[in-house]
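Chain A is the first sequence line, chain B the second, and so forth, proteins listed ahead of strands; every chain is numbered from 1. Just the heavy atoms: all of them, side chains too, but no hydrogens, waters or symmetry mates, feed the values below.
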Amino acid sequence: MKKNVVGALFSFGETKLFPHKMGVRVLQAVSIHHSFDLFSVNLHTSVSHKGRSYFPPKPIIFDFNSINKVEDVICIFRDMLRRRPLPYVIHFNKSLTSVVKMKQYSIALLLFDEMRQLGVPAHDYTMNIAINCYCLLNRVDFGFSILCNFFKCGIQPNVTTFNTLIKGLFLEDRVFEAEKLFKKLLRERLCEPNEITFLIVVNGLCKAGHTLTAFDLVMLLEKGRSKPNVRVYTTLIDSLCKDRMVNDALYLLSNMIKEGTSPDIITYNSMIKGLCDSGRFGEVKDLLKEMVTHKISPDLFTFNTLVDAFCKEGRVEDAEDMLEIMNQRSISPNVVTYNALIDGYCLRGEMDKARKIFHTIL
DNA sequence: TTAGGGTTAG
């Protein structure tokens, strides 16, 4: 891919690159008191490389998954930035990912900014994380600005970069632009799309109400080299069901099996929901039997769907039976189960029973 | 497992 071509392609004018700086002063308030014992550091031994003594970065063995406070990650991150030589970029990426998992996207972007200012070399994974943060903040245009930075740094964007940007466009309801970028990706071979690309596009189209366009795409994929996976089929089946095209969803379910893709619990849950919403309880029963033959057990989602459907039909006794089966299978009801039951009793005017369930939750 | 992914109520 040529830099000038893509530069022209993704030019979004004079966009400010770091809008997250504005109004965010959280980091400055965070205490930087943090001890080194958080790290498990190996001995810092010198090695010889091309006749010169070289001190490799101290390996940091740190489990960011065990940290649940963003302030702690920030402290570790800043400590890493102070180290010389700098730790490997993988550790910075891991810390940024942990901040993203805490949904602190603006903070992740501020840390990304600090990395750049302190001279941590640019890295494709890091920039993809930053693009994703902008997308999740509904600022995909700033994500495209980062894309321009890829080229400035001489780094090639990869399929994740484009997947993230396409998802970002869909998140902002910019369906036409998302489709355009996807098509450009294919036409100009900017990168090889993968199964996540197809899922993002199918999901984006479905959520935007373009289920039939997504259907056509899946049919096209079936004929090509990249077969749709179970998630793609499930997304489409779910959307067809929500659009009341239950027969088409059933067709797709049988088609995916014919094509060699096995449905999973989420596929069945989506289909069961669709049948329930259409009052086709007989077929729900058939599907539950089919699940048994495929060795797939109903889960909390399945039972919640059934409980809700029975309650809406005024069949609260059947819903209570579901709770009994759940109990036998050691599946604990959750707030969704109880809400559906309370709703069911309220619909029948049985307020005492509804109140009784409400008090069992408290 | 260093980045991007599909389901239940209201």
Side-chain angles (χ1 to χ4, degrees), chain A residues 60 62-66 87-101 108 112 123-136 143 146 150 155 157-168 170-171 191 193-207 214 218 228-242 249 256 261 263-274 276-277 296 298-312 319 322 326 331 333-344 346-347 361:
Chain A
I60 300 167
F62 198 85
D63 179 18
F64 283 102
N65 292 328
S66 65
Y88 290 120
V89 71
I90 180 171
H91 302 296
F92 288 105
N93 292 344
K94 277 184 176 180
S95 60
L96 286 180
T97 304
S98 72
V99 176
V100 172
K101 281 181 182 157
F112 170 70
H123 189 265
D124 52 355
Y125 276 50
T126 326
M127 292 206 275
N128 284 344
I129 295 170
I131 291 176
N132 189 37
C133 287
Y134 277 127
C135 290
L136 292 167
I146 302 256
F150 266 88
I155 298 172
N158 58 25
V159 64
T160 301
T161 319
F162 290 108
N163 285 350
T164 311
L165 287 166
I166 293 171
K167 190 191 73 175
F170 275 122
L171 281 174
C191 68
N194 60 16
E195 55 182 17
I196 300 180
T197 320
F198 298 124
L199 181 59
I200 287 171
V201 174
V202 168
N203 190 39
L205 287 170
C206 286
K207 296 287 185 293
V218 170
N229 68 12
V230 61
R231 289 186 179 201
V232 169
Y233 277 115
T234 302
T235 302
L236 187 52
I237 285 171
D238 186 63
S239 192
L240 287 166
C241 287
K242 288 194 169 93
M256 70 183 278
T261 307
D264 64 12
I265 182 64
I266 305 181
T267 323
Y268 281 112
N269 285 347
S270 293
M271 198 65 248
I272 287 169
K273 165 91 177 125
C276 284
D277 287 346
I296 296 172
D299 66 0
L300 181 61
F301 277 67
T302 326
F303 284 109
N304 281 349
T305 302
L306 294 171
V307 166
D308 182 57
F310 282 135
C311 287
K312 283 195 169 77
M322 289 298 113
M326 287 169 75
I331 298 172
N334 67 358
V335 64
V336 179
T337 330
Y338 291 122
N339 282 353
L341 265 179
I342 291 169
D343 200 36
C346 288
L347 281 171
I361 313 171

Whole-Å distance between [N] [atom2] and [X] [atom1]?
| X | N | atom1 | atom2 | result |
| --- | --- | --- | --- | --- |
| A/L347 | B/dA9 | CG | P | 14 Å |
| A/N304 | B/dA9 | CG | P | 9 Å |
| A/L96 | B/dT1 | CG | P | 17 Å |
| A/I361 | B/dA9 | CD1 | C1' | 12 Å |

Who passes side chain to side chain donor-acceptor pair (under 3.5 Å) against [X], sequence neighbours left out?
| X | result |
| --- | --- |
| A/T161 | A/N128, A/N158 |
| A/N163 | A/N194, A/T197 |
| A/Y268 | A/E290, A/H294 |
| A/T267 | A/T234, A/D264 |

Going 5' to 3' through nucleotides 2-7 of chain B and flagging B where a protein heavy-atom sits under 4.0 Å of the base, S where only the sugar-phosphate is that close, and - otherwise, we get BBBBBB
With sequence neighbours excluded, residues passing ring pair (Phe, Tyr, Trp, His ring centres under 6.0 Å) with [X]:
| X | answer |
| --- | --- |
| A/F150 | none |
| A/F301 | none |
| A/Y233 | none |

Can you check the distance between B/dA9 and B/dG5, where both ends of the measurement are the C1' atom (answer in whole Å)?
24 Å
Let me check I have this right: for DNA chain B, each base becomes ., (, ), [, ] or |, based on Watson-Crick or G-U pairs with both distances under 3.5 Å. What is the full string?
..........
Please examine the side chains of A/N304 and A/N334, heavy atoms only from C-beta on, and report whether any two atoms are closer than 4.5 Å.
yes
